[in-house]
Amino acid sequence: MARINPNYSRLAAGYLFPEIARRTREFSAANPDAQILRLGIGDTTESITPTIIAGLHEGVDRQANVATYSGYGDSEGKGDLRESLAGWYDEIGAKIDPSEVFVSDGAKSDSSNIQSIFSTDSVVAVQDPAYPVYVDSNVVSGRTGDSVEGRYEGLVYMACTEENDFFPALPEGKVDLIYLCSPNNPTGAVATHEQLEGFVKYARENGAVILFDSAYAAFITDPTLPRSIYEIEGAEECAIEISSFSKWAGFTGVRLGWTIVPKALRCEDGEAGVLHGLWTRRQNTFFNGASCIVQAGGVAALSPEGRQEMQGLVTYYLENARIIRDALAELGITVFGGDNAPYVWLQAPGGMDSWGFFDKLLTECHVVGTPGAGFGPSGEGYFRLSAFGHRENVEEAVARIRTRLTL
Ligand code: PLP
């Protein structure tokens with residue numbers, strides 16, 4: 001008789017976004033005339049730029065000609081895209097060999113699959129609050145106990161609070177896998193060189209591996225802030241980096257990402273090369289490569305023209321973030337992030353809890369955001385607004401907040 005994976009029943013009830021959708025649906029049903037504006041989910045809204053579209057078209061056209069048609073490609077990705085990505089790392093001062101770049105269909109799948117090459121009894125540390133995939137993939141894989149009052153037993157929560165500028169202190173005990181995300185979803189905080197150096201030192205001393213999610217690296221405008229963990233000396237021995245074209249190129253629907261597993265990476269029982277070999281094996285066994293059409297788009301995105309156009313998109317969203325942040329600050333609401341990240345993280349006013357503020361914003365302003373509590377226990381009392389949106393919608397949402405939100 002087939003039996004279900006019992007770890008699924010451990011997943012905390014009601015994933016964040018379905019619960020947001022449910023409450024929004026109920027409100028709409030009761031208030032059919034209300035025009036709801038969504039600053040909730042971090043999904044891009046602006047169209048893909050001409051150079052990248054031309055690259056995608058070229059990828060399609062190659063499939064129409066028997067001389068250029070390609071079937072399955074290498075599951076690690078096409079050579080030209082791996083080289084272009086290694087070239088981008090080189091520009092920011094990180095030495096990555098193309099053979100260390102694994103192209104994928106996005107950072108979400110990689111960030112949930114990466115744990116599979118590590119022992120099931122690994123002790124896992126996550127930033128709190130965090131992008132939920134890191135926690136849920138480890139829950140389903142059996143690395144935690146039950147969720148008790150919003151905290152999974154056996155998981156190490158590294159609190160990110162106003163007191164530590166939303167970047168955690170080093171774990172007190174010994175942990176094996178450390179998930180870090182910078183620029184951070186949901187807090188919008190960006191780790192400094194010094195902060196990352198501390199974690200790299202910890203990981204090297206403890207045989208731990210850092211899983212570094214840089215999906216929002218393109219939003220870093222401050223040149224003093226690192227865009228990759230490999231800007232830190234020694235990180236190639238203790239860190240895997242996972243990243244994406246989703247927010248950079250507007251590829252949330254197109255799907256393209258990458259993971260760097262350096263050959264120098266090692267862990268307690270794996271010499272240099274072993275983890276690189278395991279991820280190669282994992283991808284060859286369970287993945288048949290990202291779409292060759294989409295990879296052609298990725299190569300175009302990394303061309304000088306593509307890069308300039310992507311920068312235009314990033315600048316547009318960052319201006320949205322500024323508009324949101326400035327309006328909230330003028331109202332006396334405490335705001336964080338939004339300067340090197342597409343997320344504004346705010347303290348729910350008047351000591352409200354996250355879901356209380358969600359309901360208030362929805363009922364008074366007809367604006368949907370994301371309750372901080374959905375990202376982990378330290379997110380309680382906070383709220384995330386996303387800067388992804390058409391400018392006119394962002395401006396309208398901000399105008400409603402200014403005029404209708406009772407504080
Ligand atoms: N990592 C973080 C921190 C994210 O916020 C997201 C999406 O919102 C992803 C990864 C997913 O990226 P992708 O679209 O490449 O799967």
Side-chain angles (χ1 to χ4, degrees), residues 8-27 36-43 107-108 111-112 124-140 144 146-153 155-162 166 168 179-189 213 215-216 246-247 252 324 328 333-338 341-349 351-363 365 367-389 397:
Y8 272 84
S9 63
R10 291 209 159 101
L11 287 174
Y15 178 64
L16 177 61
F17 293 106
E19 177 60 13
I20 291 173
R22 189 189 67 76
R23 291 191 189 209
T24 310
R25 240 186 350 260
E26 270 181 18
F27 178 79
I36 302 209
L37 292 173
R38 289 166 207 278
L39 299 184
I41 298 181
D43 196 359
K108 189 172 193 172
S111 61
S112 64
V124 176
V126 291
Q127 282 174 286
D128 170 28
Y131 179 51
V133 175
Y134 317 141
V135 173
D136 288 0
S137 56
N138 280 290
V139 171
V140 166
T144 71
D146 289 332
S147 171
V148 180
E149 289 172 10
R151 303 175 88 90
Y152 285 101
E153 289 166 337
L155 197 66
V156 175
Y157 289 83
M158 303 185 294
C160 297
T161 61
E162 190 176 346
F166 300 99
Y179 287 82
L180 293 177
C181 175
S182 175
N184 190 269
N185 176 13
T187 66
D213 185 336
Y216 298 97
S246 281
K247 315 297 162 101
T252 50
I324 297 167
L328 295 170
I333 295 173
T334 309
V335 281
F336 306 93
Y343 296 118
V344 175
W345 186 240
L346 61 107
Q347 199 165 33
M352 295 185 81
D353 68 21
S354 298
W355 281 104
F357 187 68
F358 174 89
D359 291 334
K360 182 178 172 68
L361 197 64
L362 179 59
T363 51
C365 308
V367 170
V368 175
T370 312
F375 297 99
S378 296
E380 183 55 278
Y382 287 87
F383 201 77
R384 190 192 78 175
L385 288 177
S386 161
F388 294 111

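No experiment lies behind these values; they were computed from the predicted model shown.
Contact of the T370 side chain with the F17 side chain is registered, since non-hydrogen atoms from C-beta on lie closer than 4.5 Å. I333 places none of its side-chain heavy atoms less than 4.5 Å from the side chain of Q347. Within the 4.5 Å cutoff, the side chain of T24 has heavy atoms near those of the R38 side chain. Counting only heavy atoms from C-beta outward, the side chains of I41 and S386 never approach each other to under 4.5 Å. At a threshold of 4.5 Å between non-hydrogen side-chain atoms, the residues N138 and Y152 do not count as touching. W355 places a side-chain heavy atom less than 4.5 Å from the side chain of I20. Looking at D43 and F388, their side chains never come closer than 4.5 Å, going by heavy atoms from C-beta outward. Looking at heavy atoms from C-beta onward, Y134 lies in side-chain contact with C181 at the 4.5 angstrom threshold.
For the atom pair D146 CG and E149 CD, the distance stands at 13.0 Å (nearest 0.5 Å). Here the NZ-OG1 distance, from K108 to T252, works out to 11.5 Å after rounding to the nearest 0.5 Å. We find the CG-CD distance between N184 and Q127 to be 5.0 Å, quoted to the nearest 0.5 Å. Taking CG of D359 as the start and CE of M352 as the end, the distance is 8.0 Å to the nearest 0.5 Å.
Under the ring pair (Phe, Tyr, Trp, His ring centres under 6.0 Å) criterion, Y343 pairs with Y216, sequence neighbours left out. Remark: Y157 pairs with no residue by the ring pair (Phe, Tyr, Trp, His ring centres under 6.0 Å) rule, at least two apart or across chains.
Among V367, D353, T363, V368, the single residue meeting the side chain to side chain contact (heavy atoms under 4.5 Å, CB included) criterion with F358 is V368.
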Practice task
With side chain to side chain contact (heavy atoms under 4.5 Å, CB included) as the test, would you mind laying out the steps for V344 and L39 before giving the verdict?
Solution key: CA-CA 10 Å; V344 175; L39 299 184; over 6 Å; no
Exercise for the section: Quick one: do Y179 and D213 satisfy side chain to side chain contact (heavy atoms under 4.5 Å, CB included)? Show the steps, please. Expected result: CA-CA 8 Å; Y179 287 82; D213 185 336; over 6 Å; no
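Of all heavy-atom pairs spanning S137 and S111, the tightest one is OG-O, 4.0 Å. The minimum heavy-atom distance linking I324 with A387 is given by the pair CD1-CA, 4.1 Å. Minimum heavy-atom separation, A373 to S354: N-OG, 3.2 Å. Of all the heavy atoms in L37 and A397, the pair that sits closest is CD1-N, 3.5 Å. Counting all heavy atoms, side chain and backbone alike, G369 lies closest to L385 at CA-CD2, 3.9 Å. The two residues P129 and T187 make their nearest non-hydrogen contact at CG-CG2, 3.8 Å.
Using modelled atom types, no side-chain atom of S378 and backbone atom of T161 make a donor-acceptor pair closer than 3.5 Å.
In summary, E19 and R22 engage in a salt bridge, as defined by a charged side-chain N under 4.0 Å from a carboxylate O.
Ring geometry for F375 versus W345: interplanar angle over 60°, hence perpendicular rather than tilted (30 to 60°).
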